[in-house]
Amino acid sequence: MLFPKLLLLLVVYLTQVICEESPIANDANANFDTNVYEKSSIINGKPDDVIGGGDGSDESKKRNEDDAISSNVYTIPTVTLKSGHKMPLLGLGSDKLEGGTVKLVKEALEMGYRLIDTAKNYEATWTESSEVAIAKGIAASGVPRSEIFLTTKIMPDFFGIKEMRKAVKECLTDLRTDYLDLLLLHHPSCEEDDTDCSATGTLLEGWKNMAAMVNEGMVRDIGVSNVFSQQLKNLSMEGEKPISVLQNWFDPFHQDRRTRAVAAKNGIAYTGYSTLGVVWTDEGVKENPVFIDSTIKQIADRRNCAPSDVVLKWAVTRGVAVIPGSTNSTHLRMNYNSLKVKLTEEDLILMDGLNNKLTHDYGSSGIGGGEL
Ligand SMILES: NC(=O)c1ccc[n+]([C@@H]2O[C@H](COP(=O)([O-])OP(=O)(O)OC[C@H]3O[C@@H](n4cnc5c(N)ncnc54)[C@H](OP(=O)(O)O)[C@@H]3O)[C@@H](O)[C@H]2O)c1
């Protein structure tokens, strides 16, 4: 059984090498700061630095050298948030990693991932929360906490100040840390079909209460998720602290442009979830359009890459931080390496043109944010 695995790894490696060497028609736009970003295309914030380079200690330098040899690691660009701290533009989504969470988090960190996205209500197993499993993965990796950006989210059950403080303390305990890099309000209100959810405050109350989490030193940056453009506009004028990050559904067919424009205007960094098209299949579309769309496939063929590479690189180039999840080590590595793929301006424009190419009636399911 070892041979097919080795063959698969070899194919992925060769694909990435070929991708890197693909001709780029518009080189003038490339080379932002890490040779992988197109400067002119960033709309929500300027990727500004690299992360994953270690803390400068001998131990860290040694690990990075080892990584470079064993996993072809490279540094990940970041965006500076309102607190002045930096957020990597590529991370690992941890929903649905299930029983593999500990192992996959460890593997991802060893590959070079430096952001992990979780939520208080994500579960790894029946008896273990995703946050607890992530802490185990981090410990097993040996990567210092200071090099890792941790995002978690709380549901409307915790929008009241007492409930929020208690929930955040639990998150800190579960994640074995004394601060969260980013705390998000997961949904503006309880979803209609979520009978377990019982709001202890409105979105506005929740938002205003978040400032206390920062003031009390438990959280560095705060933000919201699944909000529409108007809600974001309103919220950005409220509260003691600014909105640092918005996390919404974003994929080639749902580019959430109106809400992204509000975010950009207010200096709010934007993270996309389900960027690889999972929302469509979750909502009953038979085949994931990201993997079968002819435009994406043609670009991928031209660049000798996978459709997932094209989508992730395009998203990040357009200023969207991405947090793909995967239960498959090969996919984890592909996604990490996707930022090396070179896309031309023409490729990017073709990808932009896919917005709203598919439509679906989501009714009141409450997913995403922004326009449909
Ligand atoms: N704020 C919110 O309300 C919200 C909502 C949803 C998600 N999120 C966050 O966003 C993260 C990502 O979203 P998501 O889980 O919906 O979708 P996703 O990570 O974009 O996609 C995950 C799916 O894509 C597959 N996949 C990953 N990489 C692949 C590759 N290179 N090639 C082919 N298939 C690949 C995975 O299958 P394999 O396991 O087989 O690789 C899995 O089925 C979540 O983990 C969570 O942290 C937030």
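Counting starts at 1 for both ligands and their atoms, in listed order. Keep in mind that what you see is a predicted model, and the values were worked out from it rather than measured.
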Ligand 1 contact on [X] by region, counting heavy-atom pairs under 4.0 Å:
X: Ser308; value: side chain
X: Trp249; value: neither
X: Ser274; value: both
X: Leu184; value: neither
X: Val278; value: side chain

In plain terms, say whether [X] and [Y] are close enough for a salt bridge, that is, a side-chain N and a carboxylate O under 4.0 Å apart.
X: Arg145; Y: Asp178; result: no
X: Glu170; Y: Lys120; result: yes
X: Lys86; Y: Asp181; result: no

Heavy atoms only: which of [options] lies closest to [atom]?
atom: atom 39 (O) of ligand 1; options: Thr327, Asn328, Asn248, Asn337; answer: Thr327
atom: atom 48 (C) of ligand 1; options: His331, Gln247, Met334; answer: Gln247
atom: atom 34 (N) of ligand 1; options: Phe250, Tyr336, Phe291; answer: Phe291
atom: atom 25 (C) of ligand 1; options: Gly272, Ser329, Gly325; answer: Gly325

Legend entry - Verify atom 31 (N) of ligand 1: protein non-hydrogen atom under 4.0 angstrom away: yes
Legend entry - CA sep, side-chain torsions, deciding dist, call: Arg165, Glu216, salt bridge (Lys or Arg N to Asp or Glu O under 4.0 Å): CA-CA 10 Å; Arg165 191 173 281 119; Glu216 290 167 26; 2.7 Å; yes
Legend entry - Ring centers of Tyr336, Tyr113 separated by less than 6.0 Å: yes
Inset, instruction - Determine the minimum heavy-atom distance between His187 and Phe159, stating which atoms define it. - result: O-CZ, 3.1 Å
Legend entry - Neighbour count above 12 (heavy atom, 6.0 Å) for Lys241 NZ: yes
